[in-house]
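Below: the structure, in structure tokens.
Side chains are part of it too, since the values below use all heavy atoms of this structure and drop only hydrogens, waters and symmetry mates. Atoms within a ligand are numbered from 1 in the order they appear, just like the ligands themselves.
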Amino acid sequence: MNRRKFIQNTSKAGSLLILPSGISQISNSTNPNFTKTDFGKDFKWGVATASYQIEGAWDEDGKGPSIWDTFTQNTNRIKDGSTGNVACDFYHSYKSDIQLVKDLNFDVFRFSISWSRIFPEGTGQVNQKGLDFYHRVIDHCLEIGVEPWPTIYHWDLPQALEDRGGWVNRDIISWFEDYSSEVTRAFGDKTKKWMVMNEAASFCGAGYLGGFHAPGKRGFKKFYDAAHHANMCQSGGARVIRNEVQDAIVGTTISCSWIDPIDQKEKNILAAKKLDAFLNRLYLDPIVGRGYPTDAGKFFEKIAERVPDSDYEKLKFDFDFMGVQNYSRTVAKKAFYIPVVKAFQVPPKKRGVPEDQITEMGWEVAPDGFYKILKQLGEYKEIKRMIVTENGCAFPDKVEGNSVHDPRRVQFFKDYLGNMLKAKNEGVKIDGYFVWTLLDNFEWAEGYEPRFGLVHVDFNTQKRIIKDSGLFFKELLEE
Ligand code: NOJ
């Protein structure tokens, strides 16, 4: 095998300009110290996206409002005051955007379905135009040879359902089942790879406990119920896919993070264990049949106490794969003043992590943490296979002519991919890797400033420019 050498200096990388209508110019890029072949011929390479973050067209073709429409339009809780009303305008430019996936040599386009495009009121009357849009997206993928991988739910709950209590109302289990049946019956003949949910930890924690994401609710009681109902829907939705879609490959996605105690003091080791339960295990253990992580303290016992016994069997599902999403590591310290978990996530700056190792989100670049969390999850005998369904980073970008030289992002991917390969070579069953994300987009409460894309988006003109990091993948994945 011809192993090409790792080139550190990425600033000489060439650029490729893509206008919405297609490719105009390509030049050279960089080489990593591994090749595509090292990951195996069946390994899936993809990019991940989410409806609210890219689609725009927030009220077009009969779509009902989602909690993110309400949250962005009616509160001032988005950093730059922006909304996803237009976002990347993917609703109209889906063809040229999916063409980018193909041009960068990825196999898979992961996208999510907006519930309120299909059911404007959350339940009841189906909006055919909403279904038609995703038919067009899926058909276009199939036409140009990209695999469409839908996620049923990526945080944009119909506002009509939030008005009835949202994730806190137990009825959501049947609302979610109905919605899942509708979309799997509509698209199940065309696409077999499905993910039920995106990061229950994030939308429950940020939306129903911290209140900094939609719907902006706070409070432990709300949180306990939202988390349990989300778990019931992860497995309930999976069961629907299994029943409705012949030969389906069924997964769901979890956010996860390797957790180190700040030092070896017993209290901080315990703080790390609690955070591990809170961030990693709460949405994973119950759905693979391990129940809630009650060994990590009273908080988790409280959640478990609220769960009717008859739910435990329903919580468990035999997933074909677990979607693993990782960005950074966490460092834990005991903090008596933090309610419930009594543990504090010490920010990288406070730990003396150098500026250039901290992303625009304030997250530490921690490729070794990626390796360690993959190994940790590799210990779950209930997880048959894993796919990394999100990994990526936001750094400030500068457009220079028709180029965006983003050496820090390129380096991030080289280091993270290298660590994933190490875990894979040591026996962790990882079948794929999806980059977060294709296009710079609406980063929730952070607005448009943090840019995660392999493709730069000018939000005034909607012009796309492939960054050097996009070219890095294009070259890595070249047949
Ligand atoms: C996780 C979420 O799934 C995605 O929506 C978000 O943009 C990325 N992480 C980056 O924060």
Side-chain angles (χ1 to χ4, degrees), residues 46-56 66-69 71-72 77-80 82-84 87-88 90 108-115 149-157 195-207 210 212-214 230 234 251-257 279-280 283-284 322-330 345 347-348 358-366 369-370 373 387-397 409 412-413 416 433-457 459 469:
V47 289
T49 64
S51 47
Y52 188 74
Q53 292 179 277
I54 60 168
E55 285 178 1
S66 79
I67 52 174
W68 274 95
D69 293 311
F71 193 69
T72 54
R77 283 191 259 177
I78 309 301
K79 253 193 193 155
D80 57 5
S82 61
T83 69
C88 306
F90 177 83
V108 171
F109 177 57
R110 177 183 171 216
F111 64 98
S112 75
I113 300 172
S114 155
W115 188 337
W149 286 48
T151 305
I152 294 181
Y153 183 76
H154 196 131
W155 308 358
D156 43 358
L157 188 73
M195 283 147 289
V196 181
M197 199 173 270
N198 186 76
E199 293 191 358
S202 305
F203 74 83
C204 294
F212 50 93
H213 273 194
Q234 296 208 77
T252 192
T253 81
I254 52 157
S255 61
C256 58
S257 174
L279 298 173
N280 298 322
Y283 308 87
L284 170 63
M322 194 50 66
V324 172
Q325 317 207 144
N326 172 263
Y327 290 84
S328 185
R329 72 168 177 140
T330 299
Q345 302 182 40
I358 303 176
T359 73
E360 230 183 337
M361 299 292 284
W363 301 339
E364 179 184 357
V365 175
F370 187 37
I373 190 69
I387 292 187
V388 174
T389 39
E390 276 187 32
N391 172 243
C393 54
F395 289 116
D397 289 324
R409 194 176 284 105
F412 177 99
F413 285 122
Y416 273 68
Y433 174 90
F434 304 169
V435 174
W436 183 266
T437 178
L438 177 64
L439 306 167
D440 292 337
N441 61 39
F442 178 77
E443 178 53 30
W444 308 110
E446 307 300 315
Y448 289 95
E449 198 151 308
R451 291 178 175 266
F452 277 91
L454 297 179
V455 177
H456 183 275
V457 176
F459 293 104
S469 52

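- Remark: F459 pairs with C88, D440, Y448, R451, V457 by the side-chain contact (heavy atoms from CB on, under 4.5 Å) rule, at least two apart or across chains.
- Applying the side chain to side chain contact (heavy atoms under 4.5 Å, CB included) test between T252 and each of L284, V196, T389, I152 identifies V196 as the sole match.
- E199 and Y283 form no side-chain donor-acceptor contact under 3.5 Å, judged by distance and modelled atom types alone.
- Judged purely by distance below 3.5 Å, without hydrogens or angles, the side chains of Y52 and T72 pair a donor atom with an acceptor atom.
- Using cut-offs of 30° and 60° for the angle between ring planes, the F413 and Y433 rings count as perpendicular.
- Protein residues with any heavy atom under 4.0 Å from ligand 1: Q53, H154, W155, N198, E199, Q325, Y327, W363, E390, W436, E443, W444, F452.
- The only member of Q234, M322, R110, H154 that meets side chain to side chain contact (heavy atoms under 4.5 Å, CB included) when paired with M195 is R110.
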